[in-house]
Structures are given as structure tokens and as C-alpha cells.
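Note: hydrogens, waters and symmetry copies are ignored here, and every other heavy atom, side chains too, is used.
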Amino acid sequence: MKNLNFLSKALCLITMLMICRTAAEAAPGGDGNELRVAVAGVAHGHLNDIISRMDRGDFKVVGVWEKDDRMRRDNGLIRHDSTIPAFDDLGEMLDTTRPEAVVAYGPIYDHMEVVEACAPRGIHVMVEKPLAVNIRHARRMAKLARGHGILLLTNYETSWYSSNHEAYRMVKDGIIGDITRILVYDGHQGPIEIGCGKDFTTWLTDPVMNGGGAITDFGCYGANLATWLFGGRKPLSVYAVTNSQKPGKYPKVDDDATIILQYPDVTVQLMPSWNWPMNRKDMYVYGSKGYIYQSAPSRMSLYRNGKESDVKPTPLEAPYDDSFRYLKAAVRGEIKVNATDLASLENNLTVVEILDAAVKSARKGKPVRLR
């Protein structure tokens with residue numbers, strides 16, 4: 001009888017373990033084969049994007065690198081999981097933890113340093129937007145990534161908006177005819193005004209560490225979307241005007257900008273600002289037969305034949321619905337990153353070329369032609 005009881009308990013335990021394992025593998029993103037991810041820098045306000053996904057099961061944070069002693073000891077990642085090893089040396093962190101990919105959450109200026117360390121080691125990189133502070137950095141990073149065969153991806157919040165992808169499909173299907181004009185609005189009331197932390201705003205409002213103010217911080221979104229909608233084509237020229245409406249808060253950088261991208265037959269106007277009275281990432285795409293208004297991540301409308309109607313965008317499917325699912329699928333070779341994709345190196349080299357030209361145009365007061 002004792003043997004039967006023991007056997008019964010053993011079988012029960014084995015069954016419970018199998019159920020738990022099955023449940024874990026069936027969880028969203030959880031496949032029992034987590035992507036090994038390391039974090040480079042913790043000063044970016046988007047750091048919560050990875051913290052909020054850490055327990056999902058599709059990736060595991062194996063290490064964090066941060067130059068600043070205080071931030072390395074006390075940051076959201078470590079508070080969420082105190083077992084994550086933290087390093088003050090990037091190379092040591094990479095060699096010790098051996099990640100498959102690194103995500104960069106430090107100043108944009110540091111992106112090049114991250115790629116310089118990761119590329120020779122064959123470690124893929126995903127940076128927060130934009131790719132680089134200037135075109136010199138961007139080209140150096142691209143050369144390293146291509147030379148060592150790694151992925152170099154750029155993450156934008158707007159890449160995961162179903163409304164943007166629906167707009168793209170509608171444009172390609174000719175629903176509004178030929179594109180005649182695009183207007184892109186991005187920004188908010190200002191990083192200080194919305195409560196961004198000092199560790200973030202210190203570098204975000206520095207022209208060297210961020211490459212500019214609102215012109216860089218939010219101008220990149222529209223440049224990314226326009227390059228995508230035009231299949232990777234560059235504008236002929238870039239003309240930009242910047243304003244400093246709150247010099248007391250942002251003395252070193254612009255807080256408002258207007259960027260004009262001139263294509264052979266279309267004008268695109270980007271309006272990045274830290275002075276909008278609300279948060280916004282919306283876009284109008286005008287065509288010869290109507291227009292699309294992408295008003296929110298999953299909300300949009302279409303104007304055709306004299307009538308405006310709401311459109312319910314098709315929900316995005318994994319792994320194209322989330323930056324970390326996308327990263328894992330790309331690193332593991334489950335999907336191909338095309339040159340025209342929003343996150344691609346090719347698209348984002350053009351984005352940085354546009355931003356670089358915009359900064360120079362605002363300084364010179366005249367359009368800058370792209371090569």
C-alpha cells in the first residue's frame with residue numbers, strides 16, 4: 001500500500017510539472033527558448049518598455065552596462081530583478097554574459113560605442129530612435145554592422161501602430177490615388193513638463209548627446225514613416241526652421257521645429273515639437289482621390305468621394321506587433337528584415353541623413369540638398 005501511495009504521489013508530481021511546463025510554453029511569447037538580451041545604458045525614458053516585458057517569457061535580460069555609478073546601482077531593471085549582473089565595462093559585460101542581442105537605452109551619442117563593441121563580437125543591436133546623432137556616426141555604425149554581419153535595428157513606438165500599417169496598405173492599394181502631400185505631427189508638452197526624469201532630460205536636452213532638441217527627438221518619427229511610405233526613396237532636399245519658445249527650460253536646444261522634405265513631386269511636412277498642448281503622433285496622407293488621417297495607434301479615418309468614414313485597422317500579428325518579439329524573430333532568422341522596413345538599417349540611415357540635413361538647414365537658413 002505504501003508503495004502504491006508513493007507511486008501515486010510521484011505520478012501526480014510529474015503530471016503537475018508537465019502541466020506547468022506546457023502552460024509556460026503556451027504563454028504569450030513563452031516558448032522555452034528565451035532570447036538572451038543585454039542592456040546598454042539605463043538613462044533613457046523608454047527603459048520601461050523592456051521592464052514591462054521582462055516577465056513575458058520570450059527574452060531574458062542577462063546583464064546591464066551603465067557608465068554612471070549611481071545609475072548602475074539603482075535603476076528600474078535592477079529594482080525589478082536584483083539578480084541581473086551590472087557592469088561598468090561594456091566589453092566585460094558582453095564577454096561575461098554572452099548575449100545574442102543588445103538593446104541600447106542610453107544617450108543617442110553612445111549608440112556608436114555600443115555598436116563598436118557588439119559588432120566584432122557578432123552581437124546584434126537594437127537602439128532606441130533615432131539611429132545616431134549625426135550622419136558620421138550613422139555611417140560608421142552601418143559599416144561595422146555590415147562588415148560583421150549583425151542586425152542593427154532602430155525601435156520606434158510608431159512601428160507597432162496598426163493604424164500606420166493600415167495606412168501603408170491603403171496607399172499601396174491605391175485607395176487614395178497618388179500621394180500628393182504628407183503632414184506628420186509628433187511631440188508633447190515637453191520632456192520636463194510631462195515629468196521625464198533628470199537622468200533622461202540631462203542628455204535629451206544636450207545638442208551633442210542627442211544631436212538636437214525636438215528636431216531630433218520627434219523629427220525622426222516622420223522621417224522614418226515618410227521613408228517607409230516612399231519605399232526607401234530619399235527627398236531631394238531638406239529645409240528646416242527651429243524655434244526656442246521656452247529658453248528658460250531648454251537653453252541649449254530647439255523645442256519646436258518644422259522640417260520640409262521635398263521629393264520630385266511631393267512635399268512632406270514634419271512638425272516635431274515640445275510645445276504641443278497634448279501628446280500626439282498623428283499623420284495625414286493626402287492623395288489624388290482622398291486622404292487618410294491616422295489619429296491614434298489603432299484609430300484612423302478615410303476621406304473619399306466626398307465622405308469621411310472611420311476605419312478599423314487590422315490588428316498586427318506577432319512578431320510584427322511588438323519590438324521584442326520582432327527582435328527575437330529577426331535574430332533567430334524566423335523573419336527577414338527588409339531594406340524598406342521601419343526598423344531597418346537602410347531606412348534609418350536615410351532618417352539620420354534627413355535629420356542631419358535638417359539641423360544644418362536650420363543653422364544656415366536655407367535648404368540642404370541630399371546626395
Side-chain angles (χ1 to χ4, degrees), residues 29 34-118 121 123-133 152-157 160 188 190-206 208-211 216-217 220 274 279 322-328 331:
E34 299 165 315
L35 183 73
R36 293 177 58 81
V37 173
V39 177
V42 297
H44 202 298
H46 292 178
L47 184 67
N48 191 59
D49 287 355
I50 189 169
I51 297 170
S52 64
R53 293 166 169 83
M54 282 172 62
D55 299 327
R56 198 169 61 187
D58 51 332
F59 68 89
K60 177 180 176 61
V61 177
V62 296
V64 58
W65 166 70
E66 171 55 52
K67 297 176 183 179
D68 184 270
D69 290 341
R70 177 186 57 78
M71 283 192 284
R72 187 173 60 255
R73 290 192 303 268
D74 183 21
N75 60 75
L77 282 168
I78 300 301
R79 288 193 295 272
H80 184 83
D81 184 351
S82 61
T83 66
I84 299 172
F87 299 80
D88 61 1
D89 184 279
L90 178 56
E92 181 186 358
M93 188 267 282
L94 296 174
D95 293 337
T96 301
T97 64
R98 300 175 65 82
E100 296 172 77
V102 165
V103 290
Y105 285 103
I108 310 305
Y109 189 90
D110 290 350
H111 287 178
M112 186 167 73
E113 181 180 358
V114 173
V115 175
E116 285 175 334
C118 290
R121 292 173 168 87
I123 300 170
H124 305 287
V125 178
M126 182 172 73
V127 302
E128 287 300 292
K129 58 80 188 172
L131 173 66
V133 291
L152 177 50
L153 306 174
T154 305
N155 179 40
Y156 296 80
E157 175 189 334
W160 322 110
H188 47 48
I192 293 174
E193 286 84 346
I194 67 171
C196 293
K198 186 171 175 51
D199 292 332
F200 184 25
T201 58
T202 295
W203 67 261
L204 185 67
T205 60
D206 184 290
V208 175
M209 302 306 286
N210 191 46
T216 305
D217 186 30
C220 60
W274 290 343
N279 297 339
D322 175 273
S323 58
F324 283 90
R325 292 192 184 105
Y326 183 88
L327 174 64
K328 180 181 180 181
V331 168

Rounded to the nearest 0.5 Å, how far apart are [atom1] of [X] and [atom2] of [Y]?
| X | Y | atom1 | atom2 | value |
| --- | --- | --- | --- | --- |
| Arg98 | Met93 | CZ | CE | 13.5 Å |
| Ile123 | Leu94 | CD1 | CG | 4.5 Å |
| Asn210 | Thr202 | CG | OG1 | 12.0 Å |
| Arg56 | Asp322 | CZ | CG | 4.0 Å |
| Asp49 | His44 | CG | NE2 | 9.0 Å |
| Leu204 | Ile108 | CG | CD1 | 8.0 Å |

Quick check: closest heavy atoms across [X] and [Y], and the distance to 0.1 Å?
| X | Y | value |
| --- | --- | --- |
| Trp65 | Asp88 | NE1-O, 3.4 Å |
| Ala86 | Arg72 | CB-CG, 3.7 Å |
| Gly57 | Glu34 | O-CG, 3.2 Å |
| Leu131 | Val127 | CA-CG2, 4.0 Å |
| Met209 | Pro107 | CE-CB, 3.7 Å |
| Ile50 | Phe59 | CG1-CE1, 3.7 Å |

Verify side-chain contact (heavy atoms from CB on, under 4.5 Å) between Tyr105 and Val42, making sure each step is shown before the conclusion. CA-CA 5 Å; Tyr105 285 103; Val42 297; 5.8 Å; no
Is there side-chain contact between [X] and [Y], with heavy atoms separated by less than 4.5 Å?
| X | Y | answer |
| --- | --- | --- |
| Val114 | Val102 | yes |
| Trp274 | Thr205 | yes |
| Val208 | Tyr109 | yes |
| Tyr156 | Cys220 | yes |
| Glu66 | Asn75 | no |
| Val64 | Pro85 | no |
| Val62 | Val37 | no |
| His124 | Cys118 | no |

Lys/Arg N to Asp/Glu carboxylate O, [X] vs [Y], below 4.0 Å:
| X | Y | answer |
| --- | --- | --- |
| Arg79 | Asp74 | yes |
| Lys60 | Glu100 | no |
| Asp58 | Arg53 | no |

For Val331 and Leu327: C-alpha separation, side-chain torsions, deciding distance, then whether side-chain contact (heavy atoms from CB on, under 4.5 Å) applies. CA-CA 6 Å; Val331 168; Leu327 174 64; 3.8 Å; yes
Kindly determine whether Ile84 and Ser82 satisfy side-chain contact (heavy atoms from CB on, under 4.5 Å), including the steps that lead there. CA-CA 6 Å; Ile84 299 172; Ser82 61; over 6 Å; no
Using atom types as modelled and distance alone, determine if a side-chain donor or acceptor of [X] lies under 3.5 Å from a backbone N or O of [Y].
| X | Y | result |
| --- | --- | --- |
| Lys129 | Asp217 | yes |
| Thr201 | Ile192 | no |
| Arg73 | Ile78 | no |

With a 3.5 Å cut-off and no angle check, do the side chains of [X] and [Y] form a donor-acceptor pair?
| X | Y | answer |
| --- | --- | --- |
| Glu128 | His46 | yes |
| Trp203 | Asp110 | no |
| His80 | Asp55 | yes |

Dump the intermediate steps for side-chain contact (heavy atoms from CB on, under 4.5 Å) on Tyr326 and Asn155, then the final yes or no. CA-CA 10 Å; Tyr326 183 88; Asn155 179 40; over 6 Å; no
Test salt bridge (Lys or Arg N to Asp or Glu O under 4.0 Å) applied to Glu116 and Arg121, step by step: CA-CA 9 Å; Glu116 285 175 334; Arg121 292 173 168 87; over 6 Å; no
